[in-house]
**Q** 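Shown below is the structure under consideration.
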Amino acid sequence: MNSALNLGLYIWYIPLYTLIVAMLVMYVIVLVVVRCQKRKWHSSHDPSRDVSKKELFNNALSLIGYPCVLFLINVFPFINRLHQIIKNEASFSLFVLHVIFSPLPGVLMLFIYAFDRETVRRLKWDHIKHFFKSSAVQTYSIKQASEDVN
């Protein structure tokens, strides 16, 4: 077995999957608590409370997507590393899947945010334009060096 790959497994993938499972467990606990609170609130017929109940449950439900995406993105790199450790040889197909799935976290998180109605509702085109004008695009002036260099 390659000790560097084995060390990489212990340093990266085991803590990663431990944290993903811990996040899933916490989100399931949050969903259970929210569902219990939702059942307790059924006795009242206040329309504003009904709306807040639905928003609370939808917000808690949308949290489940993040650890699921992290898990799915890291499955093929993890299988690739395990294959390299166990067989002591590289697999081209696993390597290709590893290369395809490794840069995807940002894109998939974008889709999760895009499906969140509250985020889309609060996001305005003026805010996006202001971001690109203020922080992302910076101008620099180039000056000619002086002739007095020794």
Side-chain angles (χ1 to χ4, degrees), residues 1-42 47-143 145:
M1 285 203 286
N2 191 346
S3 63
L5 285 175
N6 199 5
L7 181 64
L9 184 74
Y10 289 120
I11 290 175
W12 178 250
Y13 289 105
I14 291 176
L16 174 74
Y17 283 113
T18 303
L19 290 173
I20 288 172
V21 168
M23 281 192 314
L24 278 172
V25 167
M26 286 187 281
Y27 291 152
V28 167
I29 290 171
V30 167
L31 283 175
V32 168
V33 169
V34 167
R35 182 172 270 175
C36 289
Q37 288 293 331
K38 194 175 174 182
R39 287 182 185 156
K40 287 180 184 178
W41 289 341
H42 273 303
S48 64
R49 185 177 273 186
D50 290 338
V51 170
S52 67
K53 285 189 292 187
K54 288 179 184 177
E55 285 180 8
L56 181 64
F57 188 72
N58 288 339
N59 288 340
L61 191 60
S62 69
L63 292 175
I64 293 288
Y66 300 106
C68 292
V69 165
L70 286 175
F71 178 78
L72 292 174
I73 288 171
N74 288 298
V75 165
F76 291 114
F78 179 67
I79 292 171
N80 185 27
R81 297 295 185 208
L82 277 180
H83 182 268
Q84 288 176 357
I85 290 170
I86 293 170
K87 299 272 185 168
N88 207 13
E89 64 183 33
S91 168
F92 180 73
S93 59
L94 285 175
F95 179 72
V96 168
L97 289 171
H98 184 160
V99 168
I100 290 170
F101 278 84
S102 289
L104 285 181
V107 172
L108 293 178
M109 292 299 170
L110 171 94
F111 285 122
I112 290 176
Y113 283 124
F115 288 124
D116 184 24
R117 289 184 204 113
E118 186 67 22
T119 303
V120 173
R121 186 181 66 80
R122 290 184 180 185
L123 188 62
K124 304 287 184 221
W125 183 246
D126 293 334
H127 297 143
I128 296 170
K129 287 193 301 190
H130 177 68
F131 169 75
F132 280 111
K133 285 181 181 177
S134 65
S135 63
V137 180
Q138 297 178 358
T139 59
Y140 297 98
S141 61
I142 300 173
K143 297 179 182 177

**Q** Specify the closest pair of heavy atoms between His98 and Arg81, including all atoms of both residues, with the distance to one decimal.
**A** CE1-NH2, 3.5 Å
**Q** Taking only distance into account, with no hydrogens and no angle test, what donor-acceptor pairs under 3.5 Å do side-chain atoms of residues 15-29 form with protein atoms, sequence neighbours excluded?
**A**
unit_1: Tyr17; atom_1: OH; unit_2: Asn74; atom_2: O; d: 2.6
unit_1: Tyr17; atom_1: OH; unit_2: Val75; atom_2: N; d: 3.3
unit_1: Thr18; atom_1: OG1; unit_2: Ile14; atom_2: O; d: 2.6

**Q** Going by salt bridge (charged side-chain N to carboxylate O under 4.0 Å, His left out), name the residues that satisfy it together with Lys124, two or more places apart in sequence or in a different chain.
**A** none
**Q** Just verifying a value: how many Å separate Phe101 CZ and Ile79 CD1, rounded to the nearest 0.5 Å?
**A** 10.0 Å
**Q** Which pair of heavy atoms, one from Ile100 and one from Leu104, lies closest together, and at what distance?
**A** O-CG, 3.5 Å
